[in-house]
Amino acid sequence: MLRTRATTAAAVALALGFGPAMAEPVDAELVVNEELTITTKAPAAAHLDGALTEVYSGWLFREDETRAMQMDDFDNPMFVYAEQGMDAWNTAEGTEGKACVDCHGAIEEGMKGVRAVMPKVNAAGALWSMEDYVNACRTERMGAEAWKWNSDQMKHMTTAISLQSRGMPVAVQIDGPAAEFWERGKEMYYTRYGQLELSCASCHEQNYGNYIRADHLSQGQTNGFPLYRLKDAAPVSIHQRFVGCVRDTRAETFGAGSQEFRELELYVASRGLGLDIEGAGVRP
């Protein structure tokens with residue numbers, strides 16, 4: 001990645017369009033289908049002491065119409081893709097003629113709670129995101145080809161899996177074998193990149209609630225991913241959004257699925273401890 005000398009706060013503000021306008025997260029409750037209440041605000045975890053006192057879901061920074069989409073599964077555009085993922089769950093592929101259901105059973109039971117603990121360290125000591133686990137099953141158990149990280153098939157499947165953790169608290173592990181990965185992810189979060197010399201923290205810790213042009217900055221929480229982005233009219237993965245954010249600093253970026261982004265994913269997920277998995281978020 002490109003790193004340049006520090007710029008002044010005024011230059012960054014001018015380049016990105018930070019304005020004086022600030023809007024606090026709305027005082028609203030996310031209740032899905034009038035029955036499932038999702039925690040969208042919580043006290044910050046101990047490891048965020050000095051950085052944040054409360055953590056907020058990105059849902060609280062959105063317009064009324066966008067928030068309403070996520071409150072009803074019939075209006076949530078992600079469910080078209082979730083249904084395709086559920087169909088793929090039951091479809092046999094590869095040389096072994098197996099489907100996901102053959103090993104894991106019904107997705108509602110086999111994948112319950114999985115999204116809440118991702119990314120996590122696997123049995124071999126590597127930090128894996130949910131996409132890694134999906135592809136390991138495809139190549140090692142099904143004899144099928146791996147899916148590309150941001151392919152439609154992968155995003156459909158990860159959406160279907162994520163829904164099985166909806167309403168469950170974020171539960172990533174950051175100590176033990178995960179500690180070294182978490183530390184590197186934290187370092188990356190606070191490292192300034194690109195011609196604009198911006199870090200993740202520049203926007204999502206120091207300026208959440210402010211506007212960049214017309215975008216209301218959130219804390220950058222990942223508990224709603226994969227989500228439907230209205231701007232793209234399509235599902236977006238966590239790493240896909242990381243790529244976009246780094247490019248916005250006018251820097252070369254790491255690739256989706258890179259070790260760097262897995263570590264960043266772990267650290268950012270840990271900033272959302274106390275929030276619930278939203279399963280299928282909707283954002284502008």
Side-chain angles (χ1 to χ4, degrees), residues 77-166 168 170-173 177-178 181 185 222-229 232 234-244 253-266 268-269 277-281:
M78 275 297 274
F79 273 76
V80 173
Y81 307 101
E83 289 173 0
Q84 293 180 57
M86 291 176 187
D87 287 342
W89 181 268
N90 295 304
T91 301
E93 281 194 70
T95 57
E96 299 300 314
K98 288 185 177 181
C100 304
V101 67
D102 293 324
C103 292
H104 299 288
I107 193 170
E108 295 83 0
E109 294 300 324
M111 294 294 105
K112 187 174 182 180
V114 168
R115 170 67 178 84
V117 299
M118 292 291 169
K120 71 173 185 176
V121 177
N122 68 11
L127 180 66
W128 274 11
S129 299
M130 185 158 52
E131 289 86 348
D132 294 298
Y133 285 95
V134 169
N135 271 338
C137 279
R138 287 185 59 78
T139 58
E140 296 171 15
R141 297 184 182 183
M142 299 169 66
E145 292 185 2
W147 285 330
K148 292 183 178 179
W149 198 275
N150 285 322
S151 65
D152 289 343
Q153 300 99 316
M154 181 64 84
K155 286 187 279 191
H156 298 167
M157 180 60 74
T158 54
T159 299
I161 293 172
S162 294
L163 277 172
Q164 313 317 315
S165 297
R166 184 163 61 171
M168 301 179 68
V170 174
V172 289
Q173 183 178 357
F181 303 115
T222 56
N223 60 308
F225 282 83
L227 53 78
Y228 188 87
R229 196 173 187 216
D232 298 331
V236 172
S237 73
I238 295 172
H239 288 205
Q240 190 173 351
R241 195 70 205 102
F242 285 168
V243 167
T253 184
F254 301 108
S258 64
Q259 180 67 20
E260 292 84 358
F261 276 165
R262 288 191 192 98
E263 293 168 353
L264 181 61
E265 180 186 352
L266 176 62
V268 176
I277 298 297
E278 295 176 16

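Small disclaimer: the values here were computed from a predicted structure and weren't measured. For this chain, numbers begin at 1 and follow the sequence in order.
- In terms of the ring pair (Phe, Tyr, Trp, His ring centres under 6.0 Å) criterion, residue partners of Tyr133 (sequence neighbours excluded) are, by chain and number, Trp128.
- For the atom pair CE of Met130 and OG of Ser162, the computed distance is 3.5 Å after rounding to the nearest 0.5 Å.
- For the pair Phe181/Gln259, a side-chain contact is recorded, criterion being any heavy-atom separation below 4.5 Å from C-beta on.
- For Phe242, the ring pair (Phe, Tyr, Trp, His ring centres under 6.0 Å) partners two or more places apart in sequence, or in a different chain, are His239, Phe261.
- For the residue pair Ala82 and Thr159, the shortest heavy atom distance occurs at CB-CG2, 3.8 Å.
- Scanning both residues, Ala116 and Ser165, for their nearest heavy atoms gives N-OG, 3.7 Å.
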Report, one line per pair, each donor and acceptor closer than 3.5 Å where one atom sits in a side chain of residues 101-110; sequence neighbours left out.
residue: Asp102; atom: OD2; partner: Ala99; partner atom: N; Å: 2.7

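- Every pair passing side-chain hydrogen bond (donor to acceptor under 3.5 Å, both in side chains) that includes a residue from residues 87-98 is listed here, sequence neighbours excluded: Glu93-Arg138.
- Nearest heavy-atom pair, Ser129 versus Glu265, reported as atom, atom and distance to 0.1 Å: OG-OE1, 2.6 Å.
- Partners of Glu263 under the salt bridge (charged side-chain N to carboxylate O under 4.0 Å, His left out) rule, at least two apart in sequence or in another chain, are Arg184.
- Between Glu131 and Thr158 the shortest side-chain heavy-atom distance falls below 4.5 Å.
- The salt bridge (charged side-chain N to carboxylate O under 4.0 Å, His left out) search around Asp232 returns Arg229, not counting sequence neighbours.
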- [ ] Begin from the C-alpha positions of Ile238 and Val268 and carry the test side chain to side chain contact (heavy atoms under 4.5 Å, CB included) through to its verdict.
- [x] CA-CA 10 Å; Ile238 295 172; Val268 176; over 6 Å; no

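- Between Ala92 and Gly97 the shortest heavy-atom distance is CB-O, 3.6 Å.
- Every residue two or more places apart in sequence or in another chain that forms a side chain to side chain donor-acceptor pair (under 3.5 Å) with Asp132 is listed here: Arg262.
- Here salt bridge (charged side-chain N to carboxylate O under 4.0 Å, His left out) pairs that include residues 110-127, with residues two or more places apart or in two chains, number zero.
- By the 4.5 Å heavy-atom criterion applied to side chains, Pro226 and Met78 are counted as neighbours.
- Contact of the Met154 side chain with the Asn135 side chain is registered, since non-hydrogen atoms from C-beta on lie closer than 4.5 Å.
- Under the side chain to side chain donor-acceptor pair (under 3.5 Å) criterion, Glu260 pairs with no residue at all, not counting sequence neighbours.
- Summarising the geometry, atom SG belonging to Cys100 is positioned 4.0 Å from atom CE belonging to Met157; distances are rounded to the nearest 0.5 Å.
- Using a 4.5 Å heavy-atom threshold, the side chains of Ile277 and Val170 count as touching.
- Separation of atoms NE2 (His156) and CD (Gln84) is listed at 4.5 Å; rounding is to 0.5 Å.
- Within the structure, every pair that satisfies the side-chain hydrogen bond (donor to acceptor under 3.5 Å, both in side chains) test and touches residues 141-150, not counting sequence neighbours, is listed here: Asn150-Ser237.
- The two residues Ala280 and Phe79 have their closest heavy-atom pair at CB-CE1, 4.3 Å.
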